[in-house]
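Here the structure is laid out as structure tokens; the discussion comes afterwards.
Below, read A as the first sequence line, B as the second, and so on, with proteins coming before strands; counting in each chain starts at 1. Only a predicted model underlies this, so the values are computations on that prediction, with no experimental measurement involved.
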Number of protein chains: 2
Amino acid sequence: MKKSYNNGVEATLGVISGKWKPQLLCHLGKRPQRTCDLRQKLPAISQKVLTQQLRELESDGVIVRHIYGDRAPFKVVYALTDLGRSLGQILVQMSVWGEQRASEVPDMEIRNGHSGFNQILNQPTEAL
Amino acid sequence: MKKSYNNGVEATLGVISGKWKPQLLCHLGKRPQRTCDLRQKLPAISQKVLTQQLRELESDGVIVRHIYGDRAPFKVVYALTDLGRSLGQILVQMSVWGEQRASEVPDMEIRNGHSGFNQILNQPTEAL
DNA sequence: CAGAATCCAAATCGATACTG
DNA sequence: CAGTATCGATTTGGATTCTG
């Protein structure tokens, strides 16, 4: 069915919002990662939701999923696409804005700085 | 209670995501508006949710609420704050990214271009 | 005119058990 | 190892009614 948005902001929000998506994009921005790597970096995410969010990012075209092996146990690697990397500037700016705001609001903390997202920018395109 | 985010992106998403918030910010980016103006521009939003989203934007400091009159009927005007206007660049970029993506994806349409958000940028600060 | 109060529906997220 | 399936909890948005 046809997706319709009032403006581009909503379309972009549809791609990057999701409880774990910013963190997933951040980790994948550093390098491609296996499922077990991601689970290790995000111990609190449940199996179901991890798969779910990855599938959504994939169907939105910002990450790709590569499967290695012909029978279990499989090796599955997720990596940013060019489209995904093109989100880099936006993610960095959103991160900086959020940090600035947090610095002015008491009772608001941000655990990781924007440098994580910065790495998305200088990352070569993966060979497919 | 203390709000804690993993990164600035989540903090920013917390401010701008909400079913009607991008549209509200877009309209308020043009000029301050009364409640009835906003209802007219967003006929599909319910009373409750309009108030709710405006209250959240207000408590996040991106809009202000001014009340005129000492007894009913009141005149309530909402306007972007400097902090709200500082979201302009991000909103424009998100809008452009969303539009570009939509132009490459069949079955995806975006009704309003990014020019709406562009107006946030060249808007003088309101007198308080 | 603007909004509070209820009650309800839908979307998201999570815990757990199971499969190739 | 990676993923599906189910069920339940939480969050979010909506319809309606009422008030100063």
Side-chain angles (χ1 to χ4, degrees), chain A residues 1 3-7 9-11 13-25 27-28 32-60 63-79, chain B residues 1 3-6 9-25 27-28 32-60 63-79:
Chain A
M1 72 170 200
K3 289 209 180 178
S4 186
Y5 299 95
N6 291 295
N7 51 63
V9 175
E10 292 177 4
L13 283 174
V15 174
I16 65 175
S17 55
K19 184 158 177 183
W20 303 90
K21 287 182 186 174
Q23 289 186 83
L24 288 170
L25 292 173
H27 288 303
L28 293 175
Q33 316 241 3
R34 297 187 57 177
T35 309
C36 54
D37 297 331
L38 294 170
R39 298 206 62 174
Q40 209 164 10
K41 275 152 184 166
L42 303 175
I45 193 174
S46 77
Q47 231 300 313
K48 193 198 89 174
V49 177
L50 173 60
T51 305
Q52 190 186 73
Q53 306 250 314
L54 287 169
R55 287 287 194 285
E56 289 172 8
L57 290 171
E58 185 192 10
S59 82
D60 285 335
I63 69 174
V64 271
R65 176 166 172 267
H66 294 294
I67 309 170
Y68 300 100
D70 54 348
R71 58 189 164 285
F74 296 104
K75 175 181 176 182
V76 176
V77 176
Y78 293 93
Chain B
M1 75 172 198
K3 290 209 180 178
S4 184
Y5 298 96
N6 291 295
V9 174
E10 292 177 3
T12 303
L13 283 173
V15 174
I16 66 176
S17 55
K19 185 159 176 184
W20 304 91
K21 287 182 186 175
Q23 290 185 84
L24 287 170
L25 292 172
H27 288 304
L28 292 175
Q33 316 240 4
R34 298 187 56 177
T35 309
C36 54
D37 297 331
L38 294 170
R39 299 205 63 174
Q40 208 165 11
K41 276 153 182 162
L42 304 174
I45 193 173
S46 78
Q47 227 297 313
K48 194 198 87 172
V49 177
L50 174 59
T51 305
Q52 190 185 74
Q53 307 249 313
L54 287 169
R55 288 286 195 286
E56 290 172 7
L57 290 170
E58 186 193 10
S59 81
D60 285 336
I63 68 174
V64 273
R65 177 166 172 266
H66 293 294
I67 309 169
Y68 300 101
D70 54 347
R71 57 190 162 286
F74 296 103
K75 175 181 175 182
V76 176
V77 176
Y78 293 93

With sequence neighbours left out, the residues meeting side-chain contact (heavy atoms from CB on, under 4.5 Å) with B:Lys41 are B:His27, B:Arg31, B:Gln33
Review point. What nucleic acid atoms does B:Tyr68 come within less than 4.0 Å of, heavy atoms only: base, sugar-phosphate, or nothing?
Key: nothing
With a 3.5 Å cut-off and sequence neighbours excluded, list the donor-acceptor pairs that the side chains of residues 11-22 of chain B form with protein atoms.
unit_1	atom_1	unit_2	atom_2	d
B:Thr12	OG1	A:Met94	O	2.6
B:Thr12	OG1	A:Gly98	N	3.3
B:Thr12	OG1	B:Gly8	O	3.1
B:Ser17	OG	B:Leu13	O	2.5
B:Lys21	NZ	B:Glu56	OE1	2.6

Distance col, row B:Glu58:CD vs B:Thr51:OG1, nearest 0.5 angstrom, shows 11.0 Å
Quick one: are A:Leu38 and A:Leu54 in side-chain contact, heavy atoms under 4.5 Å?
yes
Residue pair B:Val77/A:Gly18 against DNA chain C: nearer the 5' end by closest nucleotide is B:Val77
Outer limits of DNA chain D sitting under 4.0 Å from a non-hydrogen atom of chain B, read 5' to 3', are D:dG13 to D:dG20
Rounding to the nearest 10°, end axes of the helix from C:dC1-D:dG20 to C:dG20-D:dC1 built from five pairs each make an angle of 40°
inquiry  = Is any side-chain heavy atom of A:Leu24 closer than 4.5 Å to one of A:Leu50?
reply    = yes
What nucleic acid atoms does A:Arg71 come within less than 4.0 Å of, heavy atoms only: base, sugar-phosphate, or nothing?
nothing
Comparing B:Arg39 with A:Ala72, nearest DNA chain C nucleotide closer to 5' gives the residue B:Arg39
A:Asp37 vs A:Val77 side-chain heavy atoms within contact, under 4.5 Å = no
Notebook entry, point to check: Looking for any heavy atom pair under 4.0 Å, which part of the strands does B:Arg34 touch: base, sugar-phosphate only, or nothing?
Noted result: sugar-phosphate
A:Arg65 meets the side chain to side chain donor-acceptor pair (under 3.5 Å) criterion, sequence neighbours left out, with A:Tyr78
The side chain to side chain donor-acceptor pair (under 3.5 Å) partners of A:Ser4 (sequence neighbours excluded) come to B:Glu109, B:Arg111
Exercise. Base, sugar-phosphate, or nothing for B:Gly69, non-hydrogen atoms under 4.0 angstrom?
Worked result: nothing
Numerically ordered, the residues 43-50 of chain A set in heavy-atom contact under 4.0 Å with DNA chain D is A:Gln47, A:Lys48
Using a heavy-atom cut-off of under 4.0 Å over every strand shown, decide if B:Glu56 touches base, sugar-phosphate, or nothing. nothing
So the contacted stretch of DNA chain C, first to last nucleotide with an atom under 4.0 Å from a non-hydrogen atom of chain A, runs from C:dC13 to C:dG20
Those residues at least two apart in sequence (or on a different chain) that pass side-chain contact (heavy atoms from CB on, under 4.5 Å) with A:Lys3 are A:Tyr5
Between the CD atom in A:Gln47 and the CD atom in A:Gln52, the distance rounded to the nearest 0.5 Å is 11.5 Å
